[in-house]
Amino acid sequence: MPATAASPGPPALVWFRNDLRLADNPALQAALDGGYTPIPVYIHAPDEAGDWRPGAASDAWRHRSLDALDSGLRQRGSHLRRFFGPSLATLQSLVATTGAEAVFWNRRYEPAFEQRDARIKQVLRGQGVHAESFNSALLFEPWTLKTQQGKPFRVFTPFWRSALANWRLEPCMEAPARLPDSGEGPEGVPLQALRLAPARGWDSTFWESWTPGEEGALQALEAFTDGALRGYAQQRDRPDRIGTSRLSPHLHFGEIAPWRVVAALDRLRGSAADADLDAARRELGWREFGYHLLHHFPQTPDLNFDPKFNAFDWAQVSPSHLQAWQHGRTGVPIVDAGMRELWSTGWMHNRVRMVVASYLTKHLRYHWRHGARWFWDTLVDADLASNTLGWQWVAGTGADAAPYFRIFNPVTQAQKFDPEGRYIARWLPELAALPLPLRFAPWQDPATSQRLAPDYPLQPLVDLYAGRDGALKAYRQLRVS
DNA sequence: TGGCACTTAGC
DNA sequence: CTAAGTGCC
């Protein structure tokens, strides 16, 4: 029986995780449809993520997104209650103190969470609580698509073909206009107590370019469909323009449903170019593929997907060289520009992610895990599925990966995708005075570079040809052994 | 979702 | 001489 203001139903916990939105939220909707009074809770339990507890940039975003969620709930007459973990004990205690008859949540697919949540569901049900989970994050949950042999996909193209052949979208559901509130049980702790926001405010520059939360996500979607979608198939490779959707952090935190993004694209069929719409949908497909792989190959955040690479001769890490890469001081402009963009905005253009990753794993020949870890800590969109897929793909160790010998030349990449050098100049202002061909490769005229860009490293960490050569030698060695 | 050395066609 | 194609890493 649906709840009304006059006769509120029994309480049910709605456990928010990476589904920080009120529209298209199946767990919240299940509570309402079941006639319950939803008690929205968030439980801070970073240790339960195992080796992959969220990084600092991700936490900074989550702080703001939780704040936005609480505002949205309050506008509708409810509010968010925040607690410290462990998750199971906290839920059990809340069930006891609120009298909740049910617990609803939306699924996560990271290995540590899949295990934890399965156990939580089992224990709660064993205690007679109605515990149920839903899909809020994916177009296709990892177990819904299989190859002809009933096995998980390892190659993107057949995976995506299968997805398109089995296409079925969740209907979009507007956020409830009003929510009943319950006064039962503890109120939890203030948002600040979770200490997600950086103490010293190093993230302040992030928020010039991002608005965490459901409202910000919808604005980003609108900005995309009104703007960068036109020409997306080509322009998304251009880091010097706003050529991408910039939806990744919103999708990661569940501030928007992927099917709402698809629905927005579908509405543009006929008025926007099919190539652009298909390319945009295909990028969502890579996100889906990442979750598919992570679920079926749960070791891949830490281990090579292709075990052949376990014998690969990665270079020993020099802490100063690794730090030069991290802080954008390698002496290769497009690499350094990307790493500085990451550091100051918590995000990096995808084309540049590939370039800096190729440089780390090929020219420096460092194990991809060093790059994956740095991205994990610095990206606001850090996502275990996408991060793992991306790094193993570039490193050549992954499923359907670029072959190891596919080594990006950072100078060629910059000339091709940042032809006016504007992206480089934006993130490396000390290079803005360098004339164009030189701005891509300052070492080619050391005297001029010294004069016009005295603050930039004149001596690249590694010679590009030597780096490429060393990588190919190590790869050859792997193949004959 | 490459790069490069080398070839060949065409001027 | 350059552009386009090819095979390999």
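A, B, ... follow the sequence lines: proteins, then strands. Residue 1 opens every chain. Predicted model, so just to flag it, every value in this text is computed and none were measured. Values below: every heavy atom of this structure, side chains too, minus hydrogens, waters and symmetry copies.
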- Report the C-alpha separation of Asp313(A) and Arg365(A) in whole Å, then their side-chain angles, then the decisive distance to 0.1 Å, and conclude whether the salt bridge (charged side-chain N to carboxylate O under 4.0 Å, His left out) test is met. CA-CA 8 Å; Asp313(A) 184 27; Arg365(A) 212 176 357 118; 3.6 Å; yes

- Compute the ring centroids of Trp391(A) and His367(A), then answer whether they are less than 6.0 Å apart. no

- side-chain N/O Gln413(A) vs dG3(B) OP1/OP2, d < 4.0 Å: yes

- Message: Tell me if the aromatic rings of Tyr232(A) and Phe224(A) count as close, with their centers under 6.0 Å from one another.
- Response: yes

- Integer-rounded Å distance: dT1(B) P and Asn350(A) CG: 13 Å

- What's the CH2-P distance between Trp286(A) and dT1(B), to the nearest Å? 8 Å

- Whole-Å distance separating the CH2 atom of Trp393(A) from the P atom of dT1(B): 8 Å

- Task: Take atom OH of Tyr475(A) and atom C1' of dC4(B), then tell me their distance rounded to the nearest Å.
- Result: 16 Å

- Query: Just one of Arg17(A), Arg107(A), Arg108(A) clears the salt bridge (charged side-chain N to carboxylate O under 4.0 Å, His left out) bar with Asp117(A), so which one?
  - Reply: Arg17(A)

- Query: For Gln415(A) and dG2(B), what is the distance between atoms CD and C1' respectively, to the nearest whole Å?
  - Reply: 14 Å

- Between dT1(B) atom P and Lys362(A) atom NZ, what is the distance in whole Å? 15 Å

- Nearest of dG2(B), dT1(B), dG3(B) to any side-chain atom of Arg406(A)? dG2(B)

- Query: Distance check: side-chain N/O of Asn409(A) vs OP1/OP2 of dG2(B), anything under 4.0 Å?
  - Reply: no

- Please state how far atom CE in Met354(A) lies from atom P in dG3(B), giving the value in whole angstrom units. 11 Å

- Message: I want to check one thing: is the phosphate of dT1(B), taken as OP1 and OP2, less than 4.0 Å away from some side-chain N or O of Arg238(A)?
- Response: no

- Task: Figure out the CZ/P separation between Phe405(A) and dC4(B), and round it to whole Å.
- Result: 14 Å

